[in-house]
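Below is one structure; the comments refer to it alone.
Computed from a predicted structure; not experimentally measured. Just so it is clear: chains get the letters A, B, ... in the order the sequence lines come, proteins before strands, and each one is counted from 1.
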Number of protein chains: 4
Amino acid sequence: MMPRLKEVTYAARREHILRAAVECFARQGFARTRMEDIATAADIAKGALYTYFASKDDLFLTIYEAWGCALDESIQKQIDQLAPTERASPRHRLHALIVATGRHVQGDSVTCRVLMEGRALAAYTPTIARHVHAQQEQSLAQIEELIRQGRAQGEWPPQTDCRLQAQIIQAAIHGLMAQWHLIPGNFSWDEAAYTLAFTIV
Amino acid sequence: MMPRLKEVTYAARREHILRAAVECFARQGFARTRMEDIATAADIAKGALYTYFASKDDLFLTIYEAWGCALDESIQKQIDQLAPTERASPRHRLHALIVATGRHVQGDSVTCRVLMEGRALAAYTPTIARHVHAQQEQSLAQIEELIRQGRAQGEWPPQTDCRLQAQIIQAAIHGLMAQWHLIPGNFSWDEAAYTLAFTIV
Amino acid sequence: MMPRLKEVTYAARREHILRAAVECFARQGFARTRMEDIATAADIAKGALYTYFASKDDLFLTIYEAWGCALDESIQKQIDQLAPTERASPRHRLHALIVATGRHVQGDSVTCRVLMEGRALAAYTPTIARHVHAQQEQSLAQIEELIRQGRAQGEWPPQTDCRLQAQIIQAAIHGLMAQWHLIPGNFSWDEAAYTLAFTIV
Amino acid sequence: MMPRLKEVTYAARREHILRAAVECFARQGFARTRMEDIATAADIAKGALYTYFASKDDLFLTIYEAWGCALDESIQKQIDQLAPTERASPRHRLHALIVATGRHVQGDSVTCRVLMEGRALAAYTPTIARHVHAQQEQSLAQIEELIRQGRAQGEWPPQTDCRLQAQIIQAAIHGLMAQWHLIPGNFSWDEAAYTLAFTIV
DNA sequence: TATGAATGAGAGTTCATTCAT
DNA sequence: GATGAATGAACTCTCATTCAT
């Protein structure tokens, strides 16, 4: 059981550092955040960071991934909480997806900033790029599937390119996140979710 | 004539450096690009950069602004080239706007990368933030006005919040740009433009 | 005991760097000394300097202050070592002050150079200026007080302006230091001290 | 006569540049003054400076020498203006020398700053060092001669070391200049001159 | 002669990472 | 494991001087 104890401690410290890093990255951006800042925020020594994370990039990446997982969970939860009638409707499920995203962004706007910077960094950091692509693709597939089902159920008029429509919706969601990142509170997520889910043909 | 010649030379050299900088920023990102890289790419001495630009930030900002201006021109030209019947239709004008943006992104995908990074940097660099905000707001106003006119002409069903709808469309456009930046050629801009302009209620 | 050991090490390294810096400043002057020169002289890496000193200015200032403090101590010691009869005489105390200054200059002519440059820099560097002024004023007050006491005891004929006389004596001392800095060994400090203290009416 | 005309123009421009340089050096110090600053102050192009002066050091040196010459002239004039009775007295001539120095310092405190910095730089710049030494020695000889004459005439009690006394007086004068440089107006030059010339045994 | 753009060798300073303790 | 001093490459920006025009 000692390994277990160790693991708990290890995981807890990792988590602790991660939280400190998120705060720093969100406040100052990746480039302007020094490892020392993170260490100070986490109240540990600079060198100890390297016990838990291989590098600054690794730290960033871990945050990036964690956000994606948490968002996926939020979305799933939101969908699960739908009333049975609504859960049967792809449009309602899409709505739930966007609402959950909005809640996530609002509830953890700090991490959202990190995410936004991640997308920009992606282009120059192969390691990050892979993750961004994967996440992107997965999310796109989910939306596309919803649309496909919605058409099958007659909720959406048939159109040739399901994927394109999904891409536009995904693009809109990301664009809104970017806007929120730039000017938090600039619009109502709930109204945007409603518009996106129910008034896009 | 000499001052004129000088003027030309000055502007030409500025332009030359700018092109070199765009290339570097697009390839390596802002943070990883050293002034020396730009100087080498432009085939001049490091110090000479500072004759034309006050700082690395200035260089970046100039590129950022130039892109915005060029895009505005492209859009205007695209709208002007519409047949009279179409030009009278806000929906067609919106379509032209998106098409022009797509062409711009495709034609100068290199600069587009720089733009994308600019949006991410904006949050941490007040100088850049101001420009991004201004550009954002101006573009939003344009779209909003198109929608307002479209509704007045019965092209769109009336909805309470013109601004929100404009924001969503703008978000979608930016999201698509970001996707293109990530995976160029991932979708068809023209089809996306058509879908965005004509099938969004 | 460990913290104490660390403390000692820290102070020792600081002292070590300081000595290296003094040597460099004295040999090349402040402006021509590069941080790298100091690091090389101290046999450490350039970056390590910044663990002990915030900047090149800080380094200089520290030396400047240290010299002043050490001089004050030397003077005090010299006065304390006077025979009781002499210690009662302000003129002898003034003599001791000048002698101590001379010894200090001769014993650490290297640092003296740094001091001289400090006075010249003072006019253009507010931070240094403050320290120079303060030191100057303190030293002046000390001399003035000696003269005042000397007059009270009838060692000096009464004159209206004690401060002016003190200023002249101080000026002479500084002027002699400057000469020594220019051509070390150009005169005898002890004779100069005697002349200044005992033959100035 | 053309060479003559040229010479006039040349000398005038030199003078013009010199004045600009003095102003800059006095305001910012030697190290912080850029050649461009001087060119701007003189309202000519940077490159033109090198037509008149070989280097920044040369510029400085020229100013330094000019000050010394002008001071010598001022002193000579002051002595020449003494009433015949006074002119016969070495003490009065010494007084005139100090008064003239004071007037010079006050009247051209701007150049005085440059002089002060020159003495500090002297130690690290052989070219400057030579000039400083020469000037110093000449001035010292003059004072020494005055004292020697004064003793011969019975104005000063005989003392073994004329040179030392001269050195102290010279040191005092320089020290006072340094003080004035630091805090202009901190004392009365005329009173200091009187004290130095008439109450020092 | 005058110009001022170009040069390019540094300057001080920062900071991710390492490693002896 | 934890520490934090040390490292040293890299960074942006400066500026005396040169030289083609």
Side-chain angles (χ1 to χ4, degrees), chain A residues 6 9-10 13 30-40 42-59, chain B residues 2-3 5-6 9-10 13-14 17 31-40 42-59, chain C residues 2-3 5-6 9-10 13-14 17 31-40 42-59, chain D residues 6 9-10 13 30-40 42-59:
Chain A
K6 258 188 189 169
T9 303
Y10 182 83
R13 295 227 174 182
F30 181 78
R32 297 189 187 195
T33 297
R34 295 172 301 137
M35 290 301 265
E36 176 126 40
D37 294 337
I38 298 171
T40 303
D43 200 30
I44 61 167
K46 225 188 324 179
L49 293 176
Y50 291 85
T51 305
Y52 299 94
F53 299 92
S55 68
K56 201 181 168 189
D57 275 12
D58 181 26
L59 214 29
Chain B
M2 220 162 92
L5 183 65
K6 263 186 191 168
T9 301
Y10 181 84
R13 299 230 168 181
R14 237 182 103 94
I17 291 169
R32 297 189 186 195
T33 298
R34 295 172 302 137
M35 289 304 263
E36 179 126 39
D37 294 336
I38 298 172
T40 302
D43 197 33
I44 58 168
K46 216 183 348 173
L49 293 177
Y50 292 87
T51 305
Y52 298 95
F53 299 93
S55 67
K56 201 182 170 188
D57 275 14
D58 183 25
L59 213 31
Chain C
M2 249 220 8
L5 183 65
K6 263 185 191 168
T9 301
Y10 181 85
R13 298 231 169 181
R14 237 181 103 94
I17 292 170
R32 297 189 187 195
T33 298
R34 295 171 303 137
M35 289 303 264
E36 178 127 38
D37 294 337
I38 298 171
T40 303
D43 198 32
I44 58 168
K46 214 179 356 167
L49 293 177
Y50 292 86
T51 305
Y52 299 94
F53 300 93
S55 67
K56 201 183 170 187
D57 275 14
D58 183 25
L59 214 30
Chain D
K6 257 188 190 168
T9 303
Y10 182 84
R13 295 226 173 185
F30 181 78
R32 297 189 186 194
T33 297
R34 296 172 301 137
M35 290 301 265
E36 176 126 39
D37 294 337
I38 298 171
T40 303
D43 199 32
I44 60 167
K46 225 189 324 180
L49 293 177
Y50 291 85
T51 305
Y52 298 95
F53 298 93
S55 67
K56 201 182 168 188
D57 275 12
D58 181 26
L59 215 28

5'-most contact on DNA chain E (nearest-nucleotide basis), D:Asp43 vs C:Tyr50, goes to D:Asp43
Can a side chain N or O of A:Tyr52 be found less than 4.0 Å away from OP1 or OP2 on F:dG1?
-> no
From CD1 of C:Ile38 across to P of F:dG8 the rounded distance in Å is 18 Å
Closest to the side chain of A:Ala48, out of F:dT12, F:dC15, F:dA2, is F:dA2
To the nearest 0.5 Å, atom CZ of B:Phe53 lies from atom CD1 of B:Ile38 at 9.5 Å
Taken in chain and number order and not counting sequence neighbours, the residues that satisfy ring pair (Phe, Tyr, Trp, His ring centres under 6.0 Å) with D:Phe30 are D:Phe25, D:Phe60
Among the nucleotides F:dA2, F:dA6, E:dG4, whichever has the atom closest to the side chain of A:Arg13 is F:dA2
Smallest heavy-atom separation, B:Ala31 atom then A:Ala31 atom, equals CB-CB, 4.5 Å
Among E:dA6, F:dT3, E:dT17, the one nearest any side-chain atom of A:Ser55 is E:dT17
Rounded to whole Å, the CZ-P distance (A:Phe30 to E:dC15) equals 13 Å
To the nearest angstrom, the CD-P distance between B:Glu36 and F:dA9 comes to 15 Å
Here the distance between atom C1' of E:dT14 and atom NZ of A:Lys56, to the nearest Å, is 11 Å
The nucleotide from E:dA2, F:dA2, F:dT12 with an atom nearest the side chain of B:Lys46 is F:dT12
Does D:Thr51 have a side-chain nitrogen or oxygen under 4.0 Å from the phosphate oxygens OP1 or OP2 of E:dT1?
no
Per-residue pairing states of DNA chain E in dot-bracket (Watson-Crick or G-U under 3.5 Å; . unpaired, | other strand) read .||||||||||||||||||||
With sequence neighbours left out, the residues meeting salt bridge (charged side-chain N to carboxylate O under 4.0 Å, His left out) with A:Lys46 are A:Glu36
With a 4.5 Å limit on heavy-atom distance, are the side chains of A:Thr51 and A:Arg13 in contact?
-> no
DNA chain F nearest-nucleotide lookup for C:Ala45 and D:Arg34: closer to the 5′ end is C:Ala45
Practice problem: For B:Leu49, report the nucleic acid contact type (base, sugar-phosphate, nothing); a contact means any heavy atom under 4.0 Å. | Solution: nothing
Whole-Å distance, C:Asp37 CG to E:dG12 P, equals 8 Å
Query raised in the report: Between D:Met35 and D:Leu59, is a side-chain contact (heavy atoms from CB on, under 4.5 Å) present by the stated rule, with each step listed?
Result: CA-CA 10 Å; D:Met35 290 301 265; D:Leu59 215 28; 4.2 Å; yes
Distance test, side-chain N/O of A:Tyr10 to OP1/OP2 of F:dG1, below 4.0 Å:
no
From CD1 of B:Ile17 across to C1' of E:dA5 the rounded distance in Å is 11 Å
Distance col, row D:Asp58:CG vs D:Leu49:CG, nearest 0.5 angstrom, shows 11.0 Å
DNA chain E nearest-nucleotide lookup for A:Gly47 and A:Arg32: closer to the 5′ end is A:Arg32
Between CE of C:Met35 and P of E:dG12 the distance, given in whole Å, is 7 Å
Report task. For C:Thr33, answer base if it contacts any base atom (sugar-phosphate contacts may also be present), sugar-phosphate if it contacts only those atoms, and nothing otherwise; contact means non-hydrogen atoms under 4.0 Å. Result -> sugar-phosphate
In whole angstroms, the gap separating P of E:dT17 from CG of A:Leu59 amounts to 10 Å
*asked:* Taking D:Arg34's backbone N and O only, do any of them form a donor-acceptor pair with D:Asp37's side chain (distance below 3.5 Å, no angle check)?
replied: yes
